[in-house]
Asks: 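Before anything else, here's the structure in question.
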Amino acid sequence: AQKVTQAQTEISVVEKEDVTLDCVYETRDTTYYLFWYKQPPSGELVFLIRRNSFDEQNEISGRYSWNFQKSTSSFNFTITASQVVDSAVYFCALSEAGGNTGKLIFGQGTTLQVKP
Amino acid sequence: KAGVTQTPRYLIKTRGQQVTLSCSPISGHRSVSWYQQTPGQGLQFLFEYFSETQRNKGNFPGRFSGRQFSNSRSEMNVSTLELGDSALYLCASSLVPPTYNEQFFGPGTRLTVL
């Protein structure tokens, strides 16, 4: 069965610290997509990244970077030099069926608090 | 380009009533998905519509239903409301393949059932 686990419920860091959010997934499909979304207090989920199962290259976008490792079924997200504006709930999600579906399976989310 | 819009943003109902929530996708997007978010269960998939057809459905009782119109706007309906239906209902839209499952979410409708 498909499942996404974000073991860290809450993380608190001081501004400028680096922080890594963990995501472990389970799926029997060979073709799937992984996502990270950010949910600020306003409630709207903001898309951060999509990665397909055949692309294990790490990605960097500004202060954000993602590490995808199929061998450990993990898709971790690192924020470098965190800022107060990074405070939000972060969700990792999985899409199966070759990606040809709108159904996303979300983890329980990690609440990140960045203190000034 | 306008984002996904959901109306109303807040709603208070009592047990036994029914409710209809509306979602307008990003212009050009033809797929709409709905999710329920609660503190206990997290984000759970309700259903997905594409070209007015339901493509996928989550594990929710038949009290939860939806539809999509020819202009891609979607509505979801919950009948005979229960206290446990109190949640943030999120709508997401996406284009047709190959970016089919890159979804953009609306601000949500917060439903409170008393």
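Predicted model only: the values in this text are computed from it and were never measured. Numbers restart at 1 for each chain; the letters A, B, ... are given by sequence-line order, proteins then strands.
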Asks: May I ask you to name which of B:P107, B:S33, B:G58, B:G42 has the most heavy-atom pairs under 4.5 Å with chain A?
Replies: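 Option with the greatest count: B:P107.
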Asks: Is the number of heavy atoms from other residues, nucleotides or ligands under 6.0 Å of A:K115 NZ greater than 12?
Replies: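 Not buried by this count: 12 neighbours or fewer within 6.0 Å.
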Asks: Give, as side chain, backbone, both or neither, the part of B:L43 having an atom under 4.5 angstrom from any heavy atom of chain A.
Replies: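 Both backbone and side chain.
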Asks: If I measure from the heavy atoms of chain A, does B:Q6 come under 4.5 Å with its side chain, its backbone, both, or neither?
Replies: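 It is neither, since no heavy atom gets under 4.5 Å.
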Asks: For a quick test of reading the model, state the closest non-hydrogen atom pair linking A:K103 to B:E48 and the distance between them.
Replies: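 For A:K103 and B:E48, the tightest heavy-atom pair comes out as N-OE1, 4.0 Å.
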Asks: With side chains defined as the heavy atoms from C-beta onward, is the minimum distance between B:L88 and A:Q39 less than 4.5 Å?
Replies: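 They are in side-chain contact.
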Asks: Taking CZ in A:F54 as the centre, count heavy atoms belonging to other residues, nucleotides or ligands within less than 6.0 Å. Is the count above 12?
Replies: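 Correct, the count exceeds 12.
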Asks: Grouping I, L, V, M, F, W and Y whenever their side-chain heavy atoms are under 4.5 Å apart, do B:L83 and B:L11 come out in a common cluster?
Replies: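 Linked, B:L83 and B:L11 end up in one cluster.
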Asks: Quick one: pull up CG in A:L104 and OG in B:S94 and give me the separation to the nearest 0.5 Å.
Replies: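 It is 9.0 Å, given to the nearest 0.5 Å.
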Asks: Test ring pair (Phe, Tyr, Trp, His ring centres under 6.0 Å) on B:F105 and A:Y37 and set out the steps.
Replies: CA-CA 10 Å; B:F105 283 79; A:Y37 281 88; 5.2 Å; yes
Asks: Does one hydrophobic cluster hold both A:V85 and A:V114, with members joined at side-chain heavy-atom distances below 4.5 Å?
Replies: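 Result: no, two separate clusters.
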Asks: Is it true that atom CZ of B:R110 has more than 12 heavy atoms of other residues, nucleotides or ligands lying nearer than 6.0 Å?
Replies: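 No, not enclosed.
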Asks: Surrounding CZ of A:R63 (heavy atoms of other residues, nucleotides or ligands, distance under 6.0 Å), is the total greater than 12?
Replies: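 Correct, the count exceeds 12.
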Asks: If the plane angle is over 60° it's perpendicular, under 30° parallel, otherwise tilted; pick one for A:F106 and B:Y35.
Replies: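 Ring orientation, 0 to 90° scale: perpendicular.
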Asks: Cluster question for you: counting only ILVMFWY and a side-chain heavy-atom cut-off of under 4.5 Å, with indirect links fine, are A:V24 and A:F77 together?
Replies: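 Per the 4.5 Å side-chain linkage, A:V24 and A:F77 are not co-clustered.
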Asks: Between A:F91 and B:Q37, is a side chain to side chain contact (heavy atoms under 4.5 Å, CB included) present by the stated rule, with each step listed?
Replies: CA-CA 12 Å; A:F91 291 94; B:Q37 185 177 21; 3.4 Å; yes
